[in-house]
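Keep in mind it's a predicted model, so treat the numbers as computed, not measured. Numbering of residues begins at 1 and proceeds along the displayed sequence. Side chains included, hydrogens not; waters and symmetry mates left out as well; all remaining heavy atoms used.
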Amino acid sequence: MLDDMGHCNPRQRGLWAFLVALGTVFASAPLARAQEAAVAPPDEPPPPPPIEAATEPPLPPVEVATDIPPPPPPPPPPPPYVPPPYVPPPLPPKPSRWYFLHPGVFPEADLFAGIAQLGLVTPSAKEFYGGAQVGLFGAEAAHFTGIAQVGLLHTNVERVFRGGVELTLGRNLVKEVYGGAQIALYRNVVTDLFVGLVQYALVRNDTHRFLGLAQIGTRNGTDAFIGGVQLGAYNVIGAGLDWDGGGSRGGGFVGALQIGAFNKIDHGNFAGIAQIGGVNTVEDGDFRGVAQIGLVNIAEERFYGALQVGLLNGIDEEFYGIGQLGAVNIAGDDFHGVFQAGAANLLLEQSFHGFGQFGLGAYVDEEFQGVFQTSALFNYVDDSFSGVLQLGGLFNYVDDDFRGVFQIGGFNGVHEEFYGLAQIGVVNMTGDDQIGAQLGMVNLVKDHIHGLQAGVFASAEEVTGMQLGVANYSDRLTGATMGLYNRSKHVRGVQIGLINQTERLRGLQLGLVNLSKQGGLPFFPVMNIGL
């Protein structure tokens, strides 16, 4: 057969080759499956055949009705739409409560609580709580609590104003004021009570009762003044309130100060601290007060008040107040106050207790207890001085102890002891011990000085500190002395000068001539040391 194949044509040879290969594949397939079966695990049993679902009987045939009624006829078309007549909505109610801002021509509110109510003409509110109420013409409120009420021509608060300031060019009208200030170019009117800081009007202020620090105007009128200062050219008490023809209700002046060119108590008594003016009058009643300040002021008994100001101020007994200010100030007994200021300030019998005496001359019969006693000519204290400064042009003299800081004058004298920083003058003298410095041409301490003496001539029985001058003298020196001539009986320290002289040296002498009886050499130039 092979031979026959060899003699076959090429097409036959290809066919035979395909058949041989196909036979080989089919012969090797059982062998391969046997090998895989020997290696692979045993096969799982086949799953049971599925259970067939029960069949339902067939549905009966549906009968179709043949007698269907006809559909209803369609509805008729709707009539054409006719809109209802237009009825405008009702206007919202006018707000009676405003918050934050309330602008308008005539803004009105029962209650405003916010930053500002602004009116082109006049804003008004029954109750105002906020920052400012401002109107170009005016501003009105029944009760105002805020910072400012401002109107060009007027402001009006029917009841109570509590706040900072009422400001207008025309008139401020209020029943009661509790706050900062009323300021007007023309007039301020308070029909009942003012409690505040300042009421200021260029023309006039009128109140029934004023409780405050100042009422400032050309004319100030009040029935009862209780406060700090009423300042005006013309101040009238008791006939001040004539608003709407009401006239005066009577009363008096009760307060601290009334300052004016002309002060008049028209109906009632003067009861206060001071009345200050060129002319002071009290009519239809007694003067029952503390002070009346004018050209001449005399009180036969005690003075309790603020100021006594005049050419001549006299108190027969004690003075209790701020001060006496005049050409001549006299207190027959103790002075308790701030100052005496005048050409002559005199305490004839007792002591001064206050801030200071200022003038040409001052005299205190007993103790001075204050801060300053300053006079262009002299200061004289017949007892002790306790203060900061005694300053006199010609001399200062204290007949007892001086306790202070400075005593400055041409001549400064202390009869007993000096406790302070320095005496400064041409001549300084202390009759006993001194703690402090003496700076002047001549410095004298009778006993012991703890401090410095500096000038032309210095002398003390005992020095603990330093002497600087042309000539310095002491019995005992503990410290240093420098000058042209230094002399001390006992030296514990340093002597520096052209001539240094001592009886006992325990220290150093530096100078051209050094003399020592004990300690060091009796005579040795330049430097001498004693132990």
Side-chain angles (χ1 to χ4, degrees), residues 257 273-274 276 290-291 293-299 302-416 418-425 428-430 436:
L257 298 172
I273 294 178
I276 303 173
V290 177
I293 300 174
L295 297 178
V296 178
N297 303 303
I298 301 295
R302 295 177 178 85
F303 177 98
Y304 299 90
L307 293 170
Q308 192 180 32
V309 181
L311 294 178
L312 172 63
N313 302 310
I315 301 298
D316 190 52
E317 294 188 8
E318 293 92 354
F319 178 95
Y320 297 89
I322 294 178
Q324 286 181 308
L325 178 61
V328 179
N329 302 309
I330 301 173
D333 213 322
D334 286 336
F335 180 96
H336 301 271
V338 179
F339 65 85
Q340 272 189 320
N345 303 308
L346 309 175
L347 265 71
L348 300 181
E349 294 184 6
Q350 297 296 325
S351 303
F352 179 93
H353 307 273
F355 182 76
Q357 288 180 307
F358 309 92
L360 294 179
Y363 172 83
V364 178
D365 185 64
E366 292 192 5
E367 296 181 348
F368 178 95
Q369 296 179 354
V371 181
F372 300 109
Q373 190 181 38
T374 61
S375 299
L377 297 179
F378 70 92
N379 297 306
Y380 187 96
V381 178
D382 205 26
D383 205 321
S384 61
F385 177 96
S386 299
V388 174
L389 172 65
Q390 190 179 38
L391 175 63
L394 295 180
F395 73 91
N396 301 303
Y397 186 80
V398 177
D399 199 43
D400 206 325
D401 295 339
F402 179 97
R403 293 178 175 85
V405 181
F406 291 107
Q407 190 180 36
I408 303 174
F411 170 83
N412 299 309
V414 177
H415 188 264
E416 299 294 336
F418 180 95
Y419 301 92
L421 188 62
Q423 283 181 311
I424 303 174
N428 303 308
M429 184 182 69
T430 299

* Asked: OG1 of T430 to OH of Y419: how many Å apart, nearest 0.5 Å?
  -> 11.0 Å
List, one per line, each side-chain donor-acceptor pair under 3.5 Å for residues 354-361, sequence neighbours excluded.
residue: Q357; atom: OE1; partner: Q373; partner atom: NE2; Å: 2.8
residue: Q357; atom: NE2; partner: Q340; partner atom: OE1; Å: 2.7

* To do: Report the residues that fulfil ring-ring contact (aromatic ring centres under 6.0 Å, His included) with H353, sequence neighbours left out, ordered by chain and then residue number.
  => H336
* Rounded to the nearest 0.5 Å, what separation is found between the CG atom of D334 and the CG atom of L347? -> 7.5 Å
* Approximate separation, where rounding is to 0.5 Å, of F352 CZ and Y363 OH -> 15.0 Å
* Asked: Which residues satisfy the salt bridge (charged side-chain N to carboxylate O under 4.0 Å, His left out) test with D400, sequence neighbours excluded?
  -> none
* Would you list the pairs meeting salt bridge (charged side-chain N to carboxylate O under 4.0 Å, His left out) in which at least one residue belongs to residues 352-378, sequence neighbours left out? => none
* With sequence neighbours excluded, what pairs up with N412 under the side chain to side chain donor-acceptor pair (under 3.5 Å) test? -> N396, N428
* Student check: side-chain heavy atoms of F368 and Q390 closer than 4.5 Å -> no
* Asked: Sequence neighbours excluded, which residues qualify as ring-ring contact (aromatic ring centres under 6.0 Å, His included) partners of F418?
  -> F402
* Asked: How many angstroms lie between CG in L312 and CD1 in I330, if you round to the nearest 0.5 Å?
  -> 5.5 Å
* Just jot down the side chain to side chain donor-acceptor pair (under 3.5 Å) partners of D399, sequence neighbours excluded, or say none. => Y397
* Structure fact -> Sorted by chain and residue number, the ring-ring contact (aromatic ring centres under 6.0 Å, His included) partners of F411 (sequence neighbours excluded) come out as none
* Locate the shortest heavy-atom distance separating F378 from S375; write the atom from each residue and the value. => O-CB, 3.1 Å
* **Those residues that, when tested against L389, pass side-chain contact (heavy atoms from CB on, under 4.5 Å) (two or more places apart)** => F372, T374, L391, F406, I408
